[in-house]
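Here is the structure we will look at, set down as structure tokens.
The structure presented is a predicted model; accordingly, all values stated were derived computationally and were not measured. Proteins come first, then strands; the chains are lettered A, B, ... in the order of their sequence lines, and each starts at number 1.
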Amino acid sequence: MSQPVIDQRIIIQASEWMAKLWAEPSDIEAQQACETWRAEHPDHELAWQRLHTLAGKFNSLPAHAAQSNLLDISAQQKRQTLKFLSVIAAAGGFAYGASGSYLWQQTVSDYATRIGETRNLTLADGTHIWLNTETVVNVEFSARERRIILKAGELLIVTAQDTAQRPFIVQTQEGNVRPIGTRFSVRHLKGRSQVAVYEGAVELQTNQQLQRLDAGQGTLFTREQILKSTPVDAKHLGWTQGFLVAERMRLSDFAREISRYRHGTVVCDPDVANLQITGVFSLTDTDRALANLAQSLSVELLYRTRFWVMIRANKN
Amino acid sequence: MPTTAPSQSIETLYQDHHSWLRGWLGKKLGCSHSAADLAQDTYVRLLVSGHVPDVSQSRGHLTQIAKGLVIDLFRRRRIETAYLDALNALPEPETPSIEMRALIIETLIEIDTLLHKLPHKVRKAFLLCKLDGLSYYEIASELNVSVSSVEKYIAQALVACYEAKY
């Protein structure tokens with residue numbers, strides 16, 4: 001509505017620049033020329049940012065959905081009307097009939113990861129984000145603010161100084177986190193959000209409360225309240241490197257943590273739930289992590305299928 | 001007698017034509033639930049546009065909006081079907097949650113909305129680039145055009161995305 005309008009010629013130029021850079025991503029000269037063009041006028045930069053955000057939508061799909069033939073009309077016209085009606089009926093929950101107000105839904109998930117996948121990205125303003133396993137985020141950068149909406153999963157963010165001084169906001173269902181020059185993580189859990197600050201500080205805002213959290217502190221918050229902060233440790237960031245760093249970690253917590261990175265579940269027999277484990281375990285190969293665990297503690301693994309594993313006391 | 005057609009309020013428009021529109025949509029869609037939803041959406045869209053048609057044009061105007069919504073609905077169903085088919089090919093434990101699927105479908109629909117007005121080759125080039133991750137060289141051979149045409153198609157698609165959004 002009140003968004004600034006940009007001359008169409010500038011949009012065309014920005015599009016040509018983007019198409020050129022995509023052709024040859026390693027062409028440093030073209031990149032520099034493009035940056036010069038962007039710096040020439042605020043509208044150049046704004047056009048570029050808007051295109052960048054739009055293009056980001058196309059990166060947001062997990063691999064199984066990122067297929068051009070899903071949107072290929074000619075391939076789909078062969079399909080029978082009857083078939084889609086029955087599929088829609090079977091799918092129920094998210095079919096059109098249940099949503100009703102789809103006209104005004106603007107749900108855009110810019111980036112997503114699958115189970116066991118982590119991803120490292122640099123946003124348009126230079127901010128680095130790491131997506132942990134099974135994470136969905138929307139990135140909405142406008143002229144006024146930089147907003148990241150965490151829909152699912154976990155994020156680590158290292159904010160960059162913004163030339164335009166736009167505020168940075170991470171939004172969860174429970175509230176907003178505003179960083180103050182910082183490195184911090186936000187995780188979405190059922191009905192609550194978890195935040196941990198590693199450098200700088202953040203400001204937490206829920207409907208009811210506003211609270212500052214400094215480096216080395218973490219907390220949980222719901223829509224209603226922010227819990228008392230507790231110390232955090234950088235070892236929790238092992239996932240950004242593909243590792244779980246355990247330090248006297250209860251086995252039941254270990255099982256739950258490993259479960260996040262693999263399909264199916266890892267359960268822990270109550271008999272061994274309170275055993276403690278220390279070590280560094282692979283999150284990219286969780287079978288190996290489990291095998292390493294079995295080696296270092298007197299536990300054994302019971303694989304029912306690849307997708308159901310139990311850690312229990314070693315019977316031998 | 002006024003020379004111009006008398007204007008009417010949206011309430012009258014609703015009272016006079018709502019059940020007729022629902023019936024009209026019901027015949028088109030063969031489903032009374034979808035028809036009721038789309039009839040409602042038609043009026044909401046009319047309300048948002050702020051333009052109430054003259055009495056003589058009421059039904060023509062309503063069906064014009066409703067037709068657009070029917071096309072949107074078919075497009076949505078087409079995408080949902082294609083996606084659910086693709087899901088069937090996945091091993092069961094990798095199937096995303098219902099919420100995740102809904103998000104993915106929304107994203108696919110939004111992408112489709114951005115691109116649907118483009119010529120086939122332009123659209124295809126852009127999707128092959130952004131979704132399938134092909135290089136311009138691979139796209140060029142897939143579409144049987146030159147690499148420089150691919151670059152032009154991509155730029156054209158970006159302009160179209162921009163215009164669809166802003």
Side-chain angles (χ1 to χ4, degrees), chain A residues 3 5-6 8 11-12 14-16 18-20 22-23 47 50-51 54-55 57-62 64-76 79 83-85 87-88 91 93-97 100-103 105-109 112 114-115 134 136 151-152 263-264 306-307, chain B residues 30-31 33-34 37 40-41 44-45 69 72-73 76-87 89-90 93-94 96 98-108 110-112 114-115 120 123-124 127-133 136 147 150-152 154-156 158-159 161-163 165-166:
Chain A
Q3 308 232 44
V5 177
I6 303 175
Q8 206 207 9
I11 306 305
I12 292 171
S15 302
E16 284 169 356
M18 199 164 272
K20 191 180 169 69
W22 286 352
R50 285 177 173 177
L51 278 179
L54 278 169
K57 256 166 228 168
F58 293 80
N59 301 334
S60 69
L61 293 164
H64 74 274
Q67 296 172 30
S68 63
N69 59 13
L70 289 181
L71 297 175
D72 197 335
I73 301 160
S74 55
Q76 289 163 12
R79 291 170 205 280
K83 191 177 171 197
F84 76 60
L85 287 176
V87 171
I88 295 297
F94 58 92
Y96 168 78
S101 64
Y102 75 92
L103 285 176
Q105 278 176 12
Q106 289 278 321
T107 331
V108 181
S109 44
R114 299 174 65 168
I115 291 178
E134 246 193 330
V136 182
K151 298 262 179 184
H263 296 289
R306 260 189 64 215
F307 306 109
Chain B
C31 164
H33 286 297
S34 304
D37 280 341
Q40 198 63 27
D41 284 347
V44 175
R45 200 168 260 202
L69 295 178
D72 286 349
L73 175 61
R76 165 171 288 263
R77 287 181 176 173
R78 191 191 80 217
I79 291 167
E80 276 171 348
T81 310
Y83 177 62
L84 293 174
D85 279 358
L87 274 189
L90 280 184
E94 292 186 28
I98 297 280
E99 292 83 359
M100 191 73 138
R101 280 188 236 170
L103 280 174
I104 290 168
I105 289 173
E106 288 306 325
T107 307
L108 284 169
E110 189 166 1
I111 286 175
D112 193 65
L114 290 175
L115 299 175
H120 176 72
R123 179 187 145 90
K124 188 77 186 165
L127 290 172
L128 285 171
C129 169
K130 292 307 290 174
L131 295 189
D132 303 76
Y136 285 9
V147 174
V150 173
E151 191 176 318
K152 274 187 207 122
I154 301 288
Q156 193 184 338
L158 281 168
V159 174
C161 285
Y162 187 94
E163 282 169 355
K165 183 82 184 178
Y166 293 98

### Message
What I'd like to find out is whether the side chain of A:Leu61 reaches to under 4.5 Å of the side chain of B:Ile111, using heavy atoms alone.
### Response
yes
### Task
Compare every heavy atom of B:Leu127 with every heavy atom of A:Phe58, then report the nearest pair and how far apart it is.
CE2-CD2, 4.4 Å
### Summary
Value for CG (A:Leu54) from CD (B:Glu163), rounded to nearest 0.5 Å, stands at 11.5 Å
### Task
Not counting sequence neighbours, which residues clear ring-ring contact (aromatic ring centres under 6.0 Å, His included) with B:Tyr136? List them please.
none
### Query
When rounded to the nearest 0.5 angstrom, what is the spacing between NZ in A:Lys57 and NZ in B:Lys130?
12.5 Å
### Message
Quick check: do B:Leu131 and A:Leu70 have side-chain heavy atoms less than 4.5 Å from each other?
### Response
no
### Task
Find the one option among A:Glu16, A:Lys20, A:Arg50 whose heavy-atom pairs under 4.5 Å with chain B are most numerous.
A:Arg50
### Message
Looking at every non-hydrogen atom in both residues, tell me the closest pair between A:Ser68 and B:Lys124 and how far apart they are.
### Response
OG-NZ, 3.5 Å
### Summary
Applying side-chain contact (heavy atoms from CB on, under 4.5 Å) to A:Ala47 and not counting sequence neighbours gives A:Ile6, A:Ile10, A:Ile11, A:Ala14
### Task
Give the minimum heavy-atom separation between B:Leu158 and A:Met18, together with the two atoms involved.
CD1-CB, 3.6 Å
## Note on the structure
Closest heavy-atom pair, A:Ser15 versus B:Val159, reported as atoms and distance to 0.1 Å, is OG-CG2, 3.2 Å
### Message
If you count heavy-atom pairs within less than 4.5 Å of chain B, which of A:Ala23, A:Ala152, A:Ala65 leads?
### Response
A:Ala23
### Query
Atom OH of B:Tyr166 and atom CG of A:Leu51: how far apart are they, to the nearest 0.5 Å?
8.5 Å
### Message
Out of B:Asp132, B:Leu114, B:Ile154, return the one with the most heavy atom pairs under 4.5 angstrom to chain A.
### Response
B:Asp132
